[in-house]
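What follows is a short report on a single structure.
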Amino acid sequence: MRLMIMSPDSGYADGLAKNLQSAGFGTDIFTTLDDANEALTASNYSLVLLDSTSGDGVYSVWWQARCRCRRHDGDEFLVLIANCQEERIAALEAGADDSVTRDVSPRELVARVRTIMRRPRIRSAEQHQFSDLTLCTATREVRVGNLELTLQRRETLILESLMRRRGHVVPRSGLEHDVYGAQAEYCPNSLEVRVSRIRRQLAKARSLVTIESVRGVGYRLAARLDKDMGLTQSQELTA
């Protein structure tokens, strides 16, 4: 699971990231609201940690708007870093999942994040499903009907990202983020290699689902026109 840290103070954000990474969480840091909004649109985050102690009030407006829209479109948890107890209470009353002060100890912060991540998500299904393809979010098993596919961890992440946005084109950058993270280094063609392997697994299992390439944009899940034809090639689309 990946966490977003949003703070205009890069030094402070680096310290938060280091502590959370030591506890096993993947983290991405964003120092501007525009970058954070773009990342939230293109990628999946389990939790957003927002530092509202700097700035001129635009961060408070941003996170309150995020609280409203995530009721319909998103399911990430939100933790607000506030200046004082009164601000923490106001944040909780306004819809934050938790709130801490800026001087919270690393151990307490990690404990709070872990506690939040154990909470049930009202909007999150136990599994994603598209046609005959299912992915269990708890066990990470991927099945075509009753047949379990043998996929590597990052291949499962690719499928989960596509299934979360089924019916829509997922930009290549969004897939790469969900699989590798925002700052990770990886081979330029590694995504194509993994997508090709997933396609072969789906075709081998005679799934009704394949992954279409949208040239110059990204990928999307699609249902095959005829299962019995044994199609193995994805349809190449122009942007």
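In what follows, residues are counted from 1 in the order of the sequence shown.
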Practice prompt. Mark yes when over 12 heavy atoms from residues, nucleotides or ligands other than Glu38 sit less than 6.0 Å from its CD; otherwise mark no.
Written response: no

Worksheet entry | Separation between CG of Leu159 and NE2 of His128, rounded to the nearest 0.5 Å | 10.5 Å

Item to complete: Show the numbers, then the answer: is there a side chain to side chain donor-acceptor pair (under 3.5 Å) between Thr101 and Asp103?
Response: CA-CA 5 Å; Thr101 54; Asp103 59 354; 2.6 Å; yes

Fill in: From CD (Glu87) to CZ (Arg102), nearest 0.5 Å
12.0 Å

Item to complete: Locate the shortest heavy-atom distance separating Ser46 from Met117; write the atom from each residue and the value.
Response: CB-CE, 3.2 Å

Worksheet item: Would you say the side-chain atoms of Arg88 pair up with the backbone N or O of Ser99, donor to acceptor, closer than 3.5 Å?
Response: yes

Worksheet entry | Residue pair Val217 / Arg172, side-chain heavy-atom distance below 4.5 Å | no

Discussion item. So does Leu157 get a backbone contact from the side chain of Ser161, meaning a donor-acceptor N/O pair under 3.5 Å?
Written reply: no

Fill in: Worked verdict on Arg140 versus Leu135 for side chain to side chain contact (heavy atoms under 4.5 Å, CB included)
CA-CA 6 Å; Arg140 313 305 296 165; Leu135 189 156; 4.0 Å; yes

Worksheet entry | Val48 vs Leu3 side-chain heavy atoms within contact, under 4.5 Å | no

Item to complete: Please examine the side chains of Phe25 and Val113, heavy atoms only from C-beta on, and report whether any two atoms are closer than 4.5 Å.
Response: yes

Practice prompt. Search all heavy atoms of Tyr12 against all heavy atoms of Ser7 and return the closest pair with its distance.
Written response: CD2-OG, 4.2 Å

Item to complete: Evaluate the side-chain proximity of Asp28 to Arg2: yes if any heavy-atom separation is below 4.5 Å, no if none is.
Response: yes

Worksheet item: Below 4.5 Å, heavy atoms only, C-beta onward: do Leu50 and Ile81 meet side chain to side chain?
Response: no

Item to complete: Please report the closest heavy-atom contact between Ser52 and Ala82, naming both atoms and the distance.
Response: OG-CA, 4.2 Å

Worksheet entry | Spacing of Tyr219 atom OH and Ile198 atom CD1 [to the nearest 0.5 Å] | 10.0 Å

Discussion item. Using a 6.0 Å cut-off, check whether atom CD of Glu108 has over 12 heavy atoms from anything other than its own residue.
Written reply: yes

Discussion item. Walk me through whether Val142 and Thr134 qualify under side chain to side chain contact (heavy atoms under 4.5 Å, CB included).
Written reply: CA-CA 6 Å; Val142 179; Thr134 58; over 6 Å; no

Item to complete: Examine distances only and state if a side-chain atom of Asp35 and a backbone atom of Thr31 form a donor-acceptor pair shorter than 3.5 Å.
Response: no

Discussion item. Using side chain to side chain contact (heavy atoms under 4.5 Å, CB included), reason through Val100 and Arg112 one step at a time and then give a plain yes or no.
Written reply: CA-CA 9 Å; Val100 297; Arg112 284 179 175 272; 3.3 Å; yes

Worksheet item: Does the Ser213 side chain pair with the main chain of Arg215, one donor and one acceptor, at a distance under 3.5 Å?
Response: no

Worksheet item: Between Val195 and Arg199, is a side chain to side chain contact (heavy atoms under 4.5 Å, CB included) present by the stated rule, with each step listed?
Response: CA-CA 6 Å; Val195 168; Arg199 285 176 177 148; 3.8 Å; yes

Worksheet item: Quick one: does Leu20's side chain get under 4.5 Å of Leu49's, heavy atoms only?
Response: yes

Worksheet item: Hey, are the side chains of Arg200 and Lys204 touching, using non-hydrogen atoms and a 4.5 Å cut-off?
Response: no

Discussion item. To check you understand the geometry: which heavy-atom pair defines the closest contact between Asp98 and Leu92, and what is its length?
Written reply: CA-CD2, 3.6 Å

Item to complete: Flag the pair Arg165 and Asp178 as a salt bridge only when some basic side-chain nitrogen lies within less than 4.0 angstrom of an acidic carboxylate oxygen.
Response: yes

Discussion item. For Ala39 versus Phe30, what's the shortest heavy-atom pair and its separation?
Written reply: CB-CZ, 3.4 Å

Response to the item:
Only one of Leu162, Leu208, Thr210, Leu202 passes side-chain contact (heavy atoms from CB on, under 4.5 Å) with Leu133, and that residue is Leu202

Discussion item. For the CZ atom of Arg143 and the CG atom of Leu149, what is their distance to the nearest 0.5 Å?
Written reply: 9.0 Å

Worksheet item: How long is the span from the CG atom in Asn189 to the CZ atom in Arg194, to the nearest 0.5 Å?
Response: 10.5 Å

Worksheet entry | Nearest non-hydrogen partners of Ala36 and Met4, listed with the distance | O-CE, 3.6 Å

Fill in: Spatial distance of atom NZ (Lys18) from atom OG1 (Thr27) [nearest 0.5 Å]
12.5 Å

